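The structure presented is a predicted model; accordingly, all values stated were derived computationally and were not measured. Labels below follow one simple rule: chain letters A, B, ... track the order of the sequence lines, proteins then strands, and each chain is numbered from 1.
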Amino acid sequence: MRKITMREAIIEGLHEEMERDDQKVLFGEDVGKFGGINAITRGLYERFGGERVFDTPIAESTIVGAALGMAITGLRPIPELQFGDFVGIAFDEVFNKLGKWRYMHGGTMEVPVTLRAPIGMAGGAGPEHSQSPQALFMHAPGVHIAIPSTPYDAKGLLKTAIRDNNAVLFFEHKLLYDTKGEVPEAEDEYLIPLGQADVKREGSDVTIIATALQVQTSLQAAEKLANEGIDVEVIDPRTLAPLDKETLLSSVQKTGRVLIVHEESKTGGSGAEIAAQISEEALFDLEAPVKRIGSPDVPIAQSLHLEPYYRPSEKQITDAVHELLEY
Amino acid sequence: MRKITMREAIIEGLHEEMERDDQKVLFGEDVGKFGGINAITRGLYERFGGERVFDTPIAESTIVGAALGMAITGLRPIPELQFGDFVGIAFDEVFNKLGKWRYMHGGTMEVPVTLRAPIGMAGGAGPEHSQSPQALFMHAPGVHIAIPSTPYDAKGLLKTAIRDNNAVLFFEHKLLYDTKGEVPEAEDEYLIPLGQADVKREGSDVTIIATALQVQTSLQAAEKLANEGIDVEVIDPRTLAPLDKETLLSSVQKTGRVLIVHEESKTGGSGAEIAAQISEEALFDLEAPVKRIGSPDVPIAQSLHLEPYYRPSEKQITDAVHELLEY
Amino acid sequence: MAEVYQKDIQLDDYSKEDLVTFYREMVKIRKFDENLIRLMHEGKVSGFYHSGIGSEGLSVGSIVKNLRDEDYLYYNHRGCNQKIAKGVPLSKLYGDFLGTVEGTTRGLGAGIVHSADTSRGVLGQAGTIGSQFNIAVGSAYSAKLQNTNRVTVVYFGDGAASREPLHGSLNWAGLYNLPIIYICENNEYAISSRWDETHSVREHIADWAWGYGISNCVVDGNDVLLMNEVTKEAVDRAKRGEGPTFIEAKTFRHRGHFEGDTYDYVDQEELKDWKENRDPIKNFKNLLLENNICVENEFTRVDEEVDQEILEAIAKAESSPMPDEKRIYEGLFA
Amino acid sequence: MAEVYQKDIQLDDYSKEDLVTFYREMVKIRKFDENLIRLMHEGKVSGFYHSGIGSEGLSVGSIVKNLRDEDYLYYNHRGCNQKIAKGVPLSKLYGDFLGTVEGTTRGLGAGIVHSADTSRGVLGQAGTIGSQFNIAVGSAYSAKLQNTNRVTVVYFGDGAASREPLHGSLNWAGLYNLPIIYICENNEYAISSRWDETHSVREHIADWAWGYGISNCVVDGNDVLLMNEVTKEAVDRAKRGEGPTFIEAKTFRHRGHFEGDTYDYVDQEELKDWKENRDPIKNFKNLLLENNICVENEFTRVDEEVDQEILEAIAKAESSPMPDEKRIYEGLFA
Ligand SMILES: Cc1ncc(C[n+]2csc(CCOP(=O)(O)OP(=O)(O)O)c2C)c(N)n1
Ligand SMILES: Cc1ncc(C[n+]2csc(CCOP(=O)(O)OP(=O)(O)O)c2C)c(N)n1
Ligand SMILES: [Mg+2]
Ligand SMILES: [Mg+2]
């Protein structure tokens with residue numbers, strides 16, 4: 001199969017879905033002629049014109065609020081936040097409006113919004129341009145959360161998200177944009193359902209549950225551990241909501257040892273909910289405590305020199321696996 | 001000891017702290033002459049004047065942002081959000097600015113802001129005026145979270161919060177305002193440190209960890225269970241950040257059985273982080289799965305008739321305790 | 001500076017039927033409100049209520065002859081005035097207060113906020129007042145992109161106008177030249193705060209729109225005909241593709257912010273003046289009487305018909321069941 | 001409509017010393033920037049950088065003779081222009097880029113955003129541009145309540161001006177009559193978007209302030225003396241208790257939005273014109289030469305002194321260590 005980058009995979013997904021019908025409309029800061037600051041919307045303005053692909057003022061809550069207003073009147077908006085951190089300035093729109101508008105107004109309207117947002121530490125962008133805010137929205141009734149780790153997943157999930165009649169928050173880790181992976185040819189269309197975890201590596205000793213960039217780090221750690229004869233299973237939930245509990249729990253049943261790895265800060269991260277579910281539903285399968293690795297509970301320093309102390313590392317993972325195996 | 005309501009306790013706390021020095025300034029919507037929609041700021045305008053106690057326009061992100069700007073220039077602001085749900089429209093200010101301004105600018109400034117916000121379902125206020133958003137801020141480096149369940153705790157925590165040189169989010173459950181409890185006379189000043197859980201009832205069979213209104217519900221359930229000979233311990237963390245892990249873990253060690261009860265929706269609630277910490281640090285003390293009770297993962301219906309299906313009930317608690325004891 | 005909209009209105013330009021319709025709709029709104037308050041006192045209503053009595057003219061004038069079912073409307077949180085004027089069935093609105101499945105929310109309950117009727121373009125409201133500013137420009141963009149000539153109208157109070165999203169919204173509206181009409185129901189108070197104690201304006205709230213190059217004006221919101229005219233111009237402008245309009249309509253609350261509010265923070269003389277001399281229904285009725293368009297018993301008949309309609313609506317809403325617990329698990333996702 | 005600020009400036013009203021100071025500060029900013037870009041190319045700098053070259057006059061003119069250490073300043077994200085003009089030591093700013101403990105953040109790193117120097121009233125910046133609008137009114141309120149006569153100045157770009165918080169901020173500023181000055185650095189672009197493609201205004205961005213009853217004007221931001229005069233009036237007004245001012249200062253970026261930006265979305269002729277004919281330093285230097293206030297080699301000396309100062313600052317910053325991992329656990333709480 002051909003190998004393309006996650007950036008290319010997302011661009012393809014956007015082009016294909018924009019092509020399918022005229023209701024799709026894409027907007028955000030610098031997404032038009034400029035093609036997006038991460039070059040993810042490249043070519044769309046030229047192909048679909050300035051009414052369907054347009055630059056907005058710098059006004060994030062208006063961007064997300066307007067997306068809702070479009071969605072309930074027949075469009076299928078695909079807004080972009082320039083940085084995922086900016087969910088904070090459109091928080092009410094994301095948390096309370098996208099997720100609840102349908103339900104709280106009785107359940108007749110549909111909110112087919114796909115909100116794209118790049119996340120993660122990616123080289124000295126500092127405390128307000130490096131965060132991974134996805135966990136907050138696990139507490140938000142009514143929104144789906146997609147967080148791909150490979151080009152294949154990114155394209156398949158994005159297309160599903162855009163076709164879904166509910167709000168999907170689509171978080172893209174910036175350091176993954178340039179990573180390559182196998183993706184079917186454009187003519188071989190595929191979709192990945194929301195709520196289906198993917199076992200990225202089978203194993204029988206320890207289960208690692210990881211998201212986004214940390215899936216890659218975990219797979220590298222798993223290779224290292226394999227050399228030592230430790231057989232690690234790596235699972236990527238791919239969507240945090242819906243969360244594919246079954247796949248996670250059945251792996252725990254098999255291995256009895258769980259490590260959760262994510263880039264958002266540890267306390268209150270997505271690992272908290274996942275660990276809680278495991279301790280609620282699979283306690284007696286566990287042979288060791290549920291371990292979590294997240295970034296430290298402090299704002300992210302801007303210095304490149306310090307960034308590695310935040311980003312969960314291969315070494316942290318192998319150490320944690322070793323610890324788990326001591327039980 | 002005299003018994004006063006939580007409303008009276010908070011009013012007293014505010015008056016005492018405003019009195020201590022001129023740097024305290026209190027503002028929000030209708031908090032001045034009107035005395036606040038929950039009558040919590042009653043008498044302050046008359047006593048401290050319109051510059052230190054003032055009504056603002058309806059502009060929540062400005063209210064919180066301005067509080068930060070005041071705090072770093074020598075004041076000790078005590079802003080009020082009229083409803084806790086409105087943290088959503090001041091989210092970036094609360095999550096990214098109050099908590100991070102000091103750290104991300106090198107650590108020299110201080111941010112002594114006490115942000116008060118009434119929370120909880122309290123009679124048909126619907127999906128955007130009934131929420132309990134506190135759990136979100138466990139994921140926010142740099143902010144403290146206080147959430148009292150009694151008049152005594154409310155006053156003691158509030159006074160500590162106002163004197164603290166960091167941002168404290170102070171969540172007041174609306175249904176607690178009229179509940180009475182023992183509070184020392186005004187002249188007998190006391191403070192309650194942040195980060196110190198309170199064992200509201202000692203017991204040896206099951207540990208219930210509950211916050212806000214649910215502490216009261218849990219205590220009632222515990223009474224019922226006591227009649228059956230089941231001895232329940234009820235712990236109120238009082239602050240979710242810092243979280244008094246030691247008190248929680250030592251109770252778990254004693255009982256081996258844990259139920260967490262809170263009003264925010266279950267998924268991603270404060271119970272997730274607490275359960276995760278227990279499964280990480282006290283796994284082998286557990287004799288039963290860690291159970292959580294929260295409100296359902298759907299927006300809160302406006303109908304009074306449906307509200308009881310959201311609010312964690314005594315029956316849910318006693319049922320859960322029975323289940324835990326089956327292990 | 002925002003101009004005060006004036007127009008020398010010729011009653012002859014209106015058919016008697018239309019004039020009576022204005023009267024009927026205003027009365028319907030008031031009686032809806034009065035009956036709702038009665039139901040509250042009977043302990044049947046969930047949540048709080050913000051009475052819309054005193055500003056019926058504003059909603060009826062702006063909506064009844066100007067907006068079609070397919071036009072989009074975001075109402076405000078005061079009364080059900082705009083929803084009724086836009087044609088949402090009364091029984092459904094009562095159902096939303098009583099929590100029965102007759103309500104637009106099929107039993108979830110809605111109070112004022114959160115009822116919707118997409119068949120009449122009523123797209124709901126945000127519990128955080130002023131958040132509609134963002135949402136409304138989206139609907140307006142939608143209409144423009146889809147070439148539908150639908151107009152979006154967004155209602156909000158003087159207080160809500162101070163929310164930050166207004167800026168983002170006006171900027172979008174002007175920039176993309178959207179078919180949207182902002183109607184600020186300036187009743188001088190936001191809960192207890194008088195608007196001039198919380199707003200910094202050159203002279204009027206509508207002046208805020210001026211800087212964006214958006215058409216704007218101030219109008220007597222209690223004059224149903226003037227409201228009709230000023231909104232008609234705005235609707236026509238929007239349909240001609242000439243973009244947004246901001247209308248600040250002056251009115252006053254006859255009752256407190258919520259039922260139970262002491263309402264002692266307003267000047268009682270001023271309140272009395274608004275009630276006695278500036279009541280939109282009373283004045284309109286007198287106008288029709290003075291101009292010999294109607295006689296007293298025509299009004300009586302309308303009043304009785306409306307009473308009847310309301311009692312039937314209440315009966316329908318009340319006789320409908322409340323949902324069981326399962327209802328809360330329905331409809332989160334499409 | 002916002003007026004274009006004009007003033008017939010008499011060079012005689014300025015001491016030679018002050019004029020040379022203006023020159024020196026502008027040169028310092030530019031050379032700081034050029035050297036930083038060099039360090040970037042040497043791979044020593046963390047994060048991205050938004051060069052401030054081309055708008056030195058705006059910051060120097062508004063700050064150097066008008067603001068005291070105790071006045072509060074919120075800078076924007078373009079260059080370090082305002083921080084340098086307000087006197088933050090260069091070595092500390094370089095330290096923030098190089099990630100050494102010499103930086104104001106003692107090694108956390110800051111880039112442009114997030115350095116602070118409270119001893120000079122530099123209170124930091126928000127990574128979400130425009131969020132300072134809210135924070136700044138708090139500081140201004142503080143000064144007013146504490147009767148300090150301190151002035152708050154907040155800088156932001158044309159793009160940031162479209163953020164929703166501007167509304168809440170202008171309303172507070174006008175309402176509480178705060179000693180605050182808004183300086184909009186309108187360099188016509190927000191990343192790739194030309195301001196007239198993203199802003200709906202009557203004519204100027206400053207018109208937005210008009211509706212609030214806030215003093216406002218547009219000014220040539222590349223004329224250091226004009227910037228000095230217009231800001232002086234605003235500062236005096238603020239100190240007299242006459243409230244806020246909104247100044248829209250026109251300028252242009254000589255380089256792209258960030259280092260590495262192709263900057264091909266602007267009209268290259270226009271860019272050339274700004275660089276050749278409207279460079280604030282070049283023009284000011286010519287003015288002083290033409291008016292026989294300085295001779296060429298005086299400028300050369302200043303340039304050399306500044307070069308020296310900058311090299312020393314870099315040396316100091318570079319020779320200072322980077323912190324170890326423990327640093328990240330310091331300073332979260334007071
Ligand atoms: C964002 C937000 N802030 C505060 C409130 C609480 N609140 C509800 S109505 C109201 C006053 C609104 O005043 P105005 O907009 O003038 O409308 P009026 O009630 O006078 O009709 C307030 C403060 C809210 N619902 N949303
Ligand atoms: C709230 C927010 N939205 C978007 C960004 C990303 N961003 C950084 S600078 C910038 C452009 C700012 O333009 P302007 O305010 O005109 O300043 P300039 O860069 O032209 O000096 C953008 C969109 C941000 N940092 N914060
Ligand atoms: Mg009002
Ligand atoms: Mg700009």
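Nearest heavy-atom pair across E110(B) and A334(D) is CG-CB, 3.8 Å. When all heavy atoms are compared, the tightest approach of Y141(D) to V25(B) is CE2-CG2, 4.4 Å. For the pair G138(D) and M70(B), the tightest heavy-atom approach, listed with the atom from each and the gap, is O-CG, 3.3 Å. Here the shortest heavy-atom pairing between L332(D) and R102(B) reads O-CD, 3.7 Å.
Heavy atoms of E164(D) lying under 4.5 Å from chain B are absent altogether. Contact annotation for D92(B): only side-chain heavy atoms (C-beta onward) come within less than 4.5 Å of a heavy atom of chain D. In this structure, chain D has a heavy atom under 4.5 Å from the side chain of E93(B), while its backbone stays farther away. Contacts between L175(D) and chain B at a heavy-atom distance below 4.5 Å involve the side chain alone, from C-beta outward. Heavy atoms of A126(D) lying under 4.5 Å from chain B belong to its backbone as well as its side chain. With a 4.5 Å cut-off on non-hydrogen atoms, M104(B) touches chain D through its backbone and its side chain both. Residue S115(D) touches chain B through its backbone alone, counting heavy-atom pairs closer than 4.5 Å. Contacts between L108(D) and chain B at a heavy-atom distance below 4.5 Å involve the side chain alone, from C-beta outward. If you measure heavy-atom distances from S61(B) to chain D, the contacts under 4.5 Å come from both the backbone and the side chain. In this structure, no portion of F133(D) lies under 4.5 Å from any heavy atom of chain B. Residue N166(B) touches chain D through its side chain alone, counting heavy-atom pairs closer than 4.5 Å. For V143(B), the part lying under 4.5 angstrom from a heavy atom of chain D is the backbone only.
Of the inter-residue distances, the one linking D117(D) atom CG with T108(B) atom OG1 reads 8.0 Å to the nearest 0.5 angstrom. Note: T73(B) OG1 to I135(D) CD1 = 11.5 Å, rounded to the nearest 0.5 Å. For the atom pair CG of N147(D) and CD of E51(B), the computed distance is 7.5 Å after rounding to the nearest 0.5 Å.
Listed options G109(D), G168(D), G107(D) were ranked by heavy-atom pairs under 4.5 angstrom with chain B; first place goes to G168(D). Chosen from T118(D), V137(D), L123(D), the residue pairing most often with chain B at heavy-atom distances under 4.5 Å is L123(D). In terms of heavy-atom pairs under 4.5 Å with chain B, the best-connected choice from Q125(D), R327(D), R150(D), R106(D) is Q125(D). Counting heavy-atom pairs closer than 4.5 Å to chain D, the top-ranked of the candidates P57(B), G106(B), G69(B), G142(B) is G69(B).
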Could you walk me through whether T128(D) and K97(B) pass the side chain to side chain contact (heavy atoms under 4.5 Å, CB included) check?
-> CA-CA 10 Å; T128(D) 45; K97(B) 303 303 189 288; 2.7 Å; yes
Where do Q146(D) and L75(B) land on the side chain to side chain contact (heavy atoms under 4.5 Å, CB included) test, with the steps shown first?
-> CA-CA 9 Å; Q146(D) 296 175 99; L75(B) 297 182; 3.8 Å; yes
Side chain to side chain contact (heavy atoms under 4.5 Å, CB included) between I72(B) and Y72(D), intermediate numbers included | CA-CA 10 Å; I72(B) 58 177; Y72(D) 301 130; over 6 Å; no
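Checked by atom type and distance alone, the side chain of W101(B) never pairs as donor or acceptor with a backbone atom of G124(D) at under 3.5 Å.
Looking at H105(B) and T104(D), their side chains never come closer than 4.5 Å, going by heavy atoms from C-beta outward.
Ring pair W172(D)/F27(B) is perpendicular by interplanar angle, where above 60° counts as perpendicular and below 30° as parallel.
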